[in-house]
Trainee: 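What follows is a structure written as structure tokens; I'll ask about it next.
Residue indices begin at 1 and follow the sequence shown.
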Amino acid sequence: MARAARIVLLNGPGSVGKSSVAAALQAIAPRPLLHLSMDRFCEMLPDRFQDHADTFLFDTRQVGGQTETGVVTGAKGRALLAAMRRSVAALADAGFDLVVDDVWLDGEPADYAGLLRGHRVWRVGLTAPLAVLEERERDRDDRALGLARAQLPLVHRDVAYDLTIDTAGVTAEDVARRIAALAGLLAP
């Protein structure tokens with residue numbers, strides 16, 4: 001293994017700003033900081049598998065008069081996400097500093113802990129009020145409506161963070177500076 005990598009694991013519901021914060025972290029870090037994203041890994045699937053029982057099936061329903069979209073992860077979807085975490089570990093083992101944006105719904109923190117042993121890892125929870133998340137969701141053309149509503153009660157459950165940040169009313173750059181200070185990412 002090369003030197004211990006510095007790894008920031010961003011976790012939060014859809015539309016909380018994980019990708020924007022990761023890009024802002026990359027912009028201020030003086031050393032190369034690779035950004036790995038769950039969304040980018042899922043986008044590698046062919047279009048016909050973007051809403052499919054074997055990968056990730058979107059289950060949209062009305063709950064109490066509100067739209068809620070859950071994601072049912074199939075066997076190939078679980079395998080893809082496990083491979084993503086192993087890719088994170090391989091890059092860290094090669095000495096790359098990383099910022100990873102992910103949505104933790106099924107044991108991911110424990111898997112990361114085992115895979116990233118020996119590296120400097122910071123778990124950062126990003127959150128925002130549901131109304132803010134839903135407004136962001138409506139403003140985007142790449143999100144299923146109701147995704148944040150389904151994820152928000154689950155994504156932070158039983159996770160211990162080094163830092164939790166509410167992204168409502170702050171810029172991605174402000175959030176990135178807080179994370180960079182915590183993780184020592186501003187030092188060359």
Trainee: Test question: given the 4.5 Å side-chain rule for I, L, V, M, F, W and Y, name all other residues clustered with V72, or answer none.
Mentor: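 Listed partners: L57.
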
Trainee: Please assess R6 against D97 for the test salt bridge (charged side-chain N to carboxylate O under 4.0 Å, His left out), listing each intermediate value before the final yes or no.
Mentor: CA-CA 5 Å; R6 293 183 284 187; D97 291 338; 3.5 Å; yes

Trainee: With a 3.5 Å distance limit and no angle check, can you tell me whether H35 reaches the backbone of A22 through a side-chain donor-acceptor pair?
Mentor: no

Trainee: Taking all atoms of both residues into account, what is the closest heavy-atom pair of P13 and H156, and its distance?
Mentor: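 Nearest pair, atom of P13 first, then H156: CD-NE2, 3.9 Å.
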
Trainee: Rounded at 0.5 Å granularity, tell me how far CG in D39 sits from CE in M44.
Mentor: 11.5 Å

Trainee: Looking only at side chains, do T167 and R136 share a donor and an acceptor under 3.5 Å apart?
Mentor: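 Side chains of T167 and R136: pair found under 3.5 Å.
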
Trainee: Please write out which residues are connected to I28 in a hydrophobic cluster, directly or through intermediates, given that two of Ile, Leu, Val, Met, Phe, Trp, Tyr count as joined at side-chain heavy-atom separations below 4.5 angstrom.
Mentor: L186

Trainee: Working to the nearest 0.5 angstrom, can you tell me the gap between E173 CD and R178 CZ?
Mentor: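 That separation rounds to 14.5 Å.
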
Trainee: Identify the two heavy atoms, one from H119 and one from A5, that lie closest to each other, and give their separation to 0.1 Å.
Mentor: ND1-N, 2.9 Å

Trainee: Which heavy atom of A128 sits nearest a heavy atom of A168, and at what distance?
Mentor: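 What the structure gives for the nearest pair is CB-N, 4.3 Å.
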
Trainee: By the side chain to side chain donor-acceptor pair (under 3.5 Å) test, which pairs, at least two apart or in different chains, include something from residues 73-84?
Mentor: none

Trainee: How far apart are the closest heavy atoms of Q151 and G14, and which atoms are they?
Mentor: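 That closest heavy-atom pairing would be OE1-N, 2.7 Å.
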
Trainee: For a salt bridge (charged side-chain N to carboxylate O under 4.0 Å, His left out) with R149, tell me which candidate from E134, E137, E68 qualifies.
Mentor: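 That would be E134; it is the only one of E134, E137, E68 passing the salt bridge (charged side-chain N to carboxylate O under 4.0 Å, His left out) with R149.
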
Trainee: List the steps, then state whether side chain to side chain contact (heavy atoms under 4.5 Å, CB included) holds for Q62 with T67.
Mentor: CA-CA 5 Å; Q62 293 295 311; T67 300; 2.8 Å; yes

Trainee: For the residue pair T55 and Q50, establish whether any side-chain heavy-atom pair is separated by less than 4.5 Å.
Mentor: no

Trainee: Would D111 and R85 pass as an ion pair if we require N to O under 4.0 Å?
Mentor: yes

Trainee: Does a sphere of radius 6.0 Å around CG in D47 hold more than 12 heavy atoms from other residues, nucleotides or ligands, not counting ones at 6.0 Å or beyond?
Mentor: no

Trainee: Find out whether R143 and R138 are in side-chain contact, i.e. whether some heavy atom of one side chain is under 4.5 Å from a heavy atom of the other.
Mentor: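 Answer no - side chains too far apart.
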
Trainee: Taking side chain as C-beta onward, heavy atoms only, is R86 less than 4.5 Å from L115?
Mentor: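 In short, these two side chains touch, coming nearer than 4.5 Å.
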
Trainee: With sequence neighbours left out, what residues match D174 under salt bridge (Lys or Arg N to Asp or Glu O under 4.0 Å)?
Mentor: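 D174 satisfies salt bridge (Lys or Arg N to Asp or Glu O under 4.0 Å) with R177 only.
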
Trainee: Would you mind listing every side chain to side chain donor-acceptor pair (under 3.5 Å) that reaches into residues 8-30, with sequence neighbours excluded?
Mentor: N11-Y161, S19-D101

Trainee: With a 4.5 Å cut-off on side-chain heavy-atom distances among I, L, V, M, F, W and Y, is there a chain of contacts connecting V103 to V132?
Mentor: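 No, separate clusters.
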
Trainee: Kindly work out whether a path of hydrophobic side-chain contacts (I/L/V/M/F/W/Y, heavy atoms less than 4.5 Å apart) joins F58 to V63.
Mentor: no

Trainee: Could you identify which residues cluster with V8, counting Ile, Leu, Val, Met, Phe, Trp and Tyr as linked when any side-chain heavy atoms lie under 4.5 Å apart, either directly or through a chain of such contacts?
Mentor: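 The other cluster members (ILVMFWY side chains, heavy atoms under 4.5 Å, direct or chained) are L10, V16, V21, L25, L33, V99, W122, V124, L126, L130, L133, L152, L163, I165, V170, V175, I179, L182, L185.
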
Trainee: I'd like to know whether E135 forms a side chain to side chain contact (heavy atoms under 4.5 Å, CB included) with D139, so could you lay out the CA-CA distance, the side-chain angles of the two residues, the decisive distance to 0.1 Å, and finally the verdict.
Mentor: CA-CA 6 Å; E135 180 180 343; D139 290 344; 4.0 Å; yes

Trainee: Could you check whether any side-chain N or O of D102 sits under 3.5 Å from a backbone N or O of W104, counting only pairs where one atom can act as donor and the other as acceptor?
Mentor: no

Trainee: Going by side-chain contact (heavy atoms from CB on, under 4.5 Å), L116 matches just one of V121, D93, V100. Which one?
Mentor: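 The single option meeting the side-chain contact (heavy atoms from CB on, under 4.5 Å) with L116 is V121.
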
Trainee: Can you name the nearest heavy-atom pair linking L80 to F56, along with the distance?
Mentor: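 So the minimum-distance heavy-atom pair works out to CD2-CE1, 4.2 Å.
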
Trainee: Would the number of heavy atoms belonging to other residues, nucleotides or ligands and lying under 6.0 Å from CZ of R120 be above 12?
Mentor: no

Trainee: Are V71 and L145 connected into the same hydrophobic cluster when the rule is that any two of I, L, V, M, F, W, Y join if their side-chain heavy atoms are below 4.5 Å apart?
Mentor: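 Not linked; separate clusters.
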
Trainee: Between I7 and F96, is there a side-chain heavy-atom distance shorter than 4.5 Å?
Mentor: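 Heavy-atom side-chain distance check fails, nothing below 4.5 Å.
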
Trainee: When rounded to the nearest 0.5 angstrom, what distance separates NE2 in H52 from CG in L45?
Mentor: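 The CG atom of L45 is 10.5 Å from NE2 of H52, to the nearest 0.5 Å.
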
